[in-house]
Chemist: 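First the structure, then my questions, so here it is.
All of these numbers come straight from a predicted model, not from anything done at the bench. FYI, side chains are in, hydrogens and waters are out, and symmetry mates aren't considered; it's all heavy atoms of this structure.
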Amino acid sequence: VSMRGFGFVPDADLSNQKKWRFGYMPHIVAVVMAMANSDDKTAIHGTQAALDYIYTSMRYVSSKGVEVSLKEAMENTQIQGEPLQTKLISGESKLSSPSSVCVKYSEQPLQKGTPLDQDSLIELIMSWVEAGILEKSAVESVKYFHSLNKLDLSDKYFAMLGASSEMGPLEYLLGFGANVLAVARPDGSRPKWSQMIDLAKQSAGNLYCPIKEGTIGANLLTE
């Protein structure tokens with residue numbers, strides 16, 4: 001939907017991709033490249049089209065079996081699931097102390113990058129700012145992070161949908177003392193909640209877990 005909104009024809013492999021978890025990267029890169037080659041109005045149009053599609057095509061199934069679009073579910077409290085309770089897991093460790101920012105960078109998509117930190121990273125980002133690719137605030141953010149002796153997020157709250165995701169920032173947020181409102185399905189074959197709770201106990205943050213009838217976890221599509 002985004003590709004069409006940007007004025008490009010999606011790759012035929014996109015619709016035929018069966019193993020999306022392992023084959024999504026080329027398509028994500030294609031979407032980003034299409035957006036980068038679009039003017040501001042087209043970029044906003046394509047992005048909004050994708051969001052609208054998600055809200056109208058994703059389905060919400062209530063505990064009573066009523067199925068509606070995500071948009072309808074968000075607007076109609078009468079069909080939403082039963083209220084969930086909350087369990088708070090508080091960490092007992094000190095705040096993490098970041099010493100520097102390190103990012104792997106490659107000039108070609110999907111290639112292994114070279115680690116860049118501090119001066120080399122700032123130099124690269126500055127070149128993007130001068131070329132009009134990034135806003136200056138990106139450089140200021142990296143410089144700010146480098147200047148920190150301690151990053152304290154104890155007064156910040158983050159809602160994480162799919163909190164057990166391997167690529168998610170849960171560990172870092174908890175390490176910096178953040179309050180994380182985590183949403184993930186109840187444990188199945190993999191004990192993800194016990195791992196997240198152990199992580200929270202060893203951190204400086206707070207993990208808020210949804211509970212229903214004594215079971216930790218919640219399903220976004222049904223609850």
Chemist: Starting at CG of L51, measure out to NZ of K71 and round the result to the nearest 0.5 Å.
Modeler: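 The distance works out to 13.0 Å.
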Chemist: When you group the ILVMFWY residues by side-chain heavy-atom contacts below 4.5 Å and let the links chain together, are M126 and W128 in the same group?
Modeler: yes
Chemist: Looking at every heavy atom in both S90 and N206, which two are closest together, and how far apart are they?
Modeler: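 The answer is OG-OD1, 2.8 Å.
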Chemist: Kindly work out whether a path of hydrophobic side-chain contacts (I/L/V/M/F/W/Y, heavy atoms less than 4.5 Å apart) joins L70 to L84.
Modeler: no
Chemist: Hey, is CD on E123 packed in by over 12 heavy atoms from elsewhere, all under 6.0 Å?
Modeler: no
Chemist: If Ile, Leu, Val, Met, Phe, Trp and Tyr residues are connected whenever their side-chain heavy atoms lie under 4.5 Å apart, and connections chain through other members, are M167 and I28 in the same group?
Modeler: yes
Chemist: If you measure only the distance, is there a donor-acceptor pair under 3.5 Å linking the side chains of D198 and Q202?
Modeler: no
Chemist: Just wondering, do V68 and N76 contact through their side chains at under 4.5 Å, heavy atoms?
Modeler: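 Heavy-atom side-chain distance check fails, nothing below 4.5 Å.
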Chemist: Heavy atoms only: give me the nearest A204-G175 pair and the separation to one decimal.
Modeler: CB-O, 4.0 Å
Chemist: Within the distance-only criterion (no hydrogens, no angle test), does the side chain of S165 pair as donor or acceptor with the backbone N or O of G162 below 3.5 angstrom?
Modeler: no
Chemist: Determine the minimum heavy-atom distance between K192 and R185, stating which atoms define it.
Modeler: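 Closest pair (atom of K192, atom of R185, distance): CE-O, 2.9 Å.
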Chemist: Donor-acceptor pair, distance only, cut-off 3.5 Å: does the side chain of S154 make one with the backbone of A178?
Modeler: no
Chemist: Can you check whether T86 reaches I211 side chain to side chain, under 4.5 Å on heavy atoms?
Modeler: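 Not in contact.
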Chemist: Enter the distance from H45:NE2 to S2:OG here, rounded to the nearest 0.5 Å.
Modeler: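 Result: 10.0 Å between the selected atoms.
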Chemist: Looking at D40, I'd like to know if its CG atom is crowded, meaning that more than 12 non-hydrogen atoms belonging to other residues, nucleotides or ligands lie closer than 6.0 Å.
Modeler: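 Atom CG in D40 is not packed in, count stays at 12 or less.
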Chemist: To the nearest 0.5 angstrom, please state how far the CG atom of N179 sits from the NZ atom of K156.
Modeler: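 Between N179 CG and K156 NZ, I get 10.0 Å after rounding to 0.5 Å.
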Chemist: Is there a side-chain contact between V183 and M160, using heavy atoms and a 4.5 Å cut-off?
Modeler: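 Result no, sub-4.5 Å side-chain heavy-atom pair not found.
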Chemist: Please give me the minimum heavy-atom distance between W193 and P210, naming the atom from each residue.
Modeler: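 Answer, listing the atom of W193 first, then P210: CH2-CD, 3.7 Å.
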Chemist: Please check if V180 and Y208 belong to a single hydrophobic cluster, counting links between Ile, Leu, Val, Met, Phe, Trp and Tyr side chain heavy atoms closer than 4.5 Å.
Modeler: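 No, it is not one cluster - the side chains of V180 and Y208 are not joined through contacts under 4.5 Å.
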Chemist: What residues join M35 in its hydrophobic cluster, counting side-chain heavy atom gaps under 4.5 Å, either direct or through other members?
Modeler: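 When side chains under 4.5 Å apart are linked, the cluster holding M35 also contains M3, F6, F8, V31.
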Chemist: Using every non-hydrogen atom in the two residues, find where S203 and G205 come nearest and quote the distance to one decimal.
Modeler: OG-N, 3.1 Å
Chemist: To the nearest 0.5 Å, how far apart are CG in D187 and CD in Q195?
Modeler: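 It comes to 8.0 Å.
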Chemist: Is there a donor-acceptor pair closer than 3.5 Å between any side-chain N or O of S57 and the backbone N or O of Y53?
Modeler: yes
Chemist: Which atoms form the tightest heavy-atom contact between G5 and T42, and what is the distance?
Modeler: O-CG2, 3.7 Å
Chemist: Are side-chain heavy atoms of I125 and L134 found at a separation under 4.5 Å?
Modeler: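 When only atoms from C-beta onward are counted, L134 and I125 do touch, with a gap below 4.5 Å.
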Chemist: Ignoring hydrogens and angles, tell me if any N or O in the side chain of E72 forms a donor-acceptor pair with the backbone of S69 under 3.5 Å.
Modeler: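 Looks like yes, one N/O pair under 3.5 Å.
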Chemist: Should Y172 and F158 be counted in the same cluster of Ile, Leu, Val, Met, Phe, Trp and Tyr side chains packed under 4.5 Å apart?
Modeler: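 They do share one cluster, since a chain of ILVMFWY contacts under 4.5 Å joins Y172 to F158.
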Chemist: Can you check whether L153 reaches L151 side chain to side chain, under 4.5 Å on heavy atoms?
Modeler: yes
Chemist: Answer yes or no: are there more than 12 heavy-atom neighbours, outside E67 itself, under 6.0 Å from its atom CD?
Modeler: yes
Chemist: Which value, rounded to the nearest 0.5 Å, describes the distance between L207 atom CG and L199 atom CG?
Modeler: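 Output value for this atom pair is 8.5 Å.
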Chemist: Supply the atom-to-atom distance L124 CG to L116 CG, rounded to the nearest 0.5 angstrom.
Modeler: 6.0 Å
Chemist: Evaluate the side-chain proximity of I89 to K201: yes if any heavy-atom separation is below 4.5 Å, no if none is.
Modeler: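 SC-SC contact between K201 and I89 confirmed.
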